[in-house]
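A short worksheet on the structure shown next.
So you know, we letter chains A, B, ... as the sequences are listed, proteins then strands, and number each from 1. The structure displayed is predicted, hence computed values, not measured ones.
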Amino acid sequence: MDCRLAQSLIHQAVESRLPHPESQQLEKHLENCVACVTRLTQLRSLRANLQRLPRYAVPDMLTWRLRVLASKHCQQHSHRHTPHWIATTIKRLQLALDGWQPAVLSMAAGLLAAFVLFTLWAPMYAITESRPVDDVPLIIHTKASLKSSWSTTLPGQEIIVDVLVDHEGRMLDYWVPPGQNWHSDPKLRRSVENTLLCTQFQPATHFGRPALSVLRISLHKNQVDVRG
Amino acid sequence: MGSSACVSLDSAQQQAWDFEQSLIRRLQQADPSAYELLILHYQEPVYNLVYRLLDDPTDTADVVQEIFLKIFRHIHNFRGNSSLKTWIYRIAVNEAYNHRRWWRRHQRQAVPLNRSEDDQETCASEAIVGASGSPFDITLQGEHRVLIEQALSKLKPVYRQAVVLRDIEDLSYEEIAEILGVSIGTVKSRILRGREALRRMLSEALEANPAMALTPQLAE
C-alpha cells in the first residue's frame, strides 16, 4: 500500500469505520511510514478536540423570544380556519374585555344589586289602574247636527245650502251648492239667511273637542233637515 | 451481545421516530405544549450549529430566531419526507449560509463598542467541556479551543458545514447528505478536505507556538 491509498483510508480509520481487511493493510503501512502515522495521530487529535469543543448555552433572552414567537404563531394558526372578520372581532372583544377586566366584578355586583332593589321596590310604586263607572269611550269624530231651528215659511222648492258651523254650533258662513239657483232671488235669499241665523247646530267633535265643520242642510217649507 | 445492541439501537431509533411523529402531529394541530417541546428540544443544537457556521457569532441569536420562525411557518407543510431533525438542521444550515452571504455583501465594518445583552449572556454562560487538571492545563485547553475555533472560522463554508455536522454535531453521513442535499460521497469528500485544511492550519499555528502542541487524544 502506498501513501496515497493510505491517506484515503486514514479518514475512515479516524472514525474507526475501516473494514477489517483494509484496517490490517493500513496498520501494516503505518509500521513503516512516519508521515502517515503523524497524519493519523493529528487527525485523531483534531477530531477529539472538535468533539470536546464547548456547547454554548442558549441565552435566556433568546429562549423568551422563541416562546413569544411560538405563542403568536400558535394563536394565529388556531384561527386559521376562522373567517378574518370573525377572528378580528374576537380579538377586539378580547382586548376590550382585558381592558375592562378589573371593573367587571364590581360592575356585575352593581347590576345585581340594582336588579334586586328594583324587584323589591317596584311593587310599592305600581300604578293601579282605576276605571270610572260612567266613563264613556270617546268617538274619534262626530259630525255636526241640527239642534233647533226657527220655524219659518219658505217656498215649496227644496233649498240646499252648505253651512259652516263653528265650535259653538253657530253658523259662520254658507255656500250654495252647484245646481241651486235660489240665491238669485234676493227676497228668498234673505229668508234663507234669516232661517240659518236662527238655527242652532250641535258642533262637530274631534277626539271629544268641538271643531269647525261643514254641514249640508235642506230647507223645505217649514222644515230644516241635515243632508250630510 | 451484538444482537441485543442492535435491538436496543433499533428500539432507540424507533422511540426517536415515534417521538418525532407525535411532535409533528401536535405541532400541525397548533398544540402550544408541542411548540414548547420543540423549542426545548432543538434550540440548543440549532444555536450551537449556527454559532459555528457564522463568521460573526454575535448574530447567532437573530439567525436562530429567524430559523424558528421559518420552522413555525412551514411545519404545517411538512410532509415527513425526511426526519424532523434533518429538516430543522437543513433550515438552520441554509439560513446561516444566507446570513453569511448577506453579511459578506454588506461588508459591515463597524464593530460595536458594547456587545449586546445576548452576547454578554453567551459569554457568561459558556461552559468549557472537559476542563480538568492543573490551571496550566485548563489555560492550555482554553487556548487550544480558541485556536481550533479560529481555524474552523477560516474554513470554506461547504467544508465547515460538513465538519461541524460530523465532528461536532455527530450526525451520520446519511443525515448530513440529507441536510446538505448532496450525495454521501460528496459529504465524505467535504469532510476529508475540511479536516485536512484544519490540520494544516493548526499545524502552522502550532509550529509558530510549540508550547501549545496538541496532546494526542483518542477520538471517542
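- Both the backbone and the side chain of B/R73 come within less than 4.5 Å of a heavy atom in chain A.
- Proximity to chain A (any heavy atom under 4.5 Å) is shown, for B/V46, by neither the backbone nor the side chain.
- Classified by interplanar angle (parallel below 30°, tilted 30° to 60°, perpendicular above 60°), the ring pair A/H73/B/Y35 is tilted.
- The side-chain heavy atoms of A/P59 and B/Y47, taken from C-beta on, include a pair separated by under 4.5 Å.
- The parts of B/L192 that come within reach of chain A are both its backbone and its side chain, each placing non-hydrogen atoms under 4.5 angstrom from that chain.
- A/Q75 has its side chain out of reach of B/P32: every pair of non-hydrogen atoms, C-beta onward, lies at least 4.5 Å apart.
- In this structure the side chain of B/R166 reaches within 4.5 angstrom of the side chain of A/R47, judged on heavy atoms.
- Counting all heavy atoms, side chain and backbone alike, A/P54 lies closest to B/R52 at O-NH2, 2.6 Å.
- The structure places CD1 of A/I10 at 12.0 Å from CZ of B/R195, a figure rounded to the nearest 0.5 Å.
- Note that CG of A/L66 and CD1 of B/I39 are 5.0 Å apart. Values are rounded to the nearest 0.5 Å.
- No salt bridge links B/K188 with A/E15; every basic N to acidic carboxylate O contact stays at or beyond 4.0 Å.
- Of the charged side-chain nitrogens involved, at least one lies within less than 4.0 Å of a carboxylate oxygen, so that B/D62 and A/R65 count as a salt-bridged pair.
- Here the CD atom belonging to A/Q51 is positioned 9.5 Å from the CD1 atom belonging to B/I168, to the nearest 0.5 angstrom.
- Summarising the geometry of B/S203 relative to A/Q42, their closest heavy-atom pair is OG-NE2, 3.8 Å, with the distance given to 0.1 Å.
- Both the backbone and the side chain of A/T63 come within less than 4.5 Å of a heavy atom of chain B.
- If you take CG on A/N49 and CG on B/L147, they are separated by 10.0 Å, rounding to the nearest 0.5 Å.
- The line from CZ of B/R199 to OG1 of A/T41 is 10.5 Å long, rounded to the nearest 0.5 Å.
- For B/E44, the parts sitting under 4.5 Å from any heavy atom of chain A are the backbone and the side chain alike.
- Only the side chain of B/N48 comes within contact range of chain A, judged by heavy atoms closer than 4.5 Å.
- Of the atoms belonging to B/L40, it is side-chain heavy atoms, and not backbone ones, that fall under 4.5 Å from chain A.
- Only the backbone of B/D31 has a heavy atom closer than 4.5 Å to any heavy atom of chain A.
- In this structure, CG in A/L50 is found 6.0 Å from CG in B/L198, a value given to the nearest 0.5 Å.
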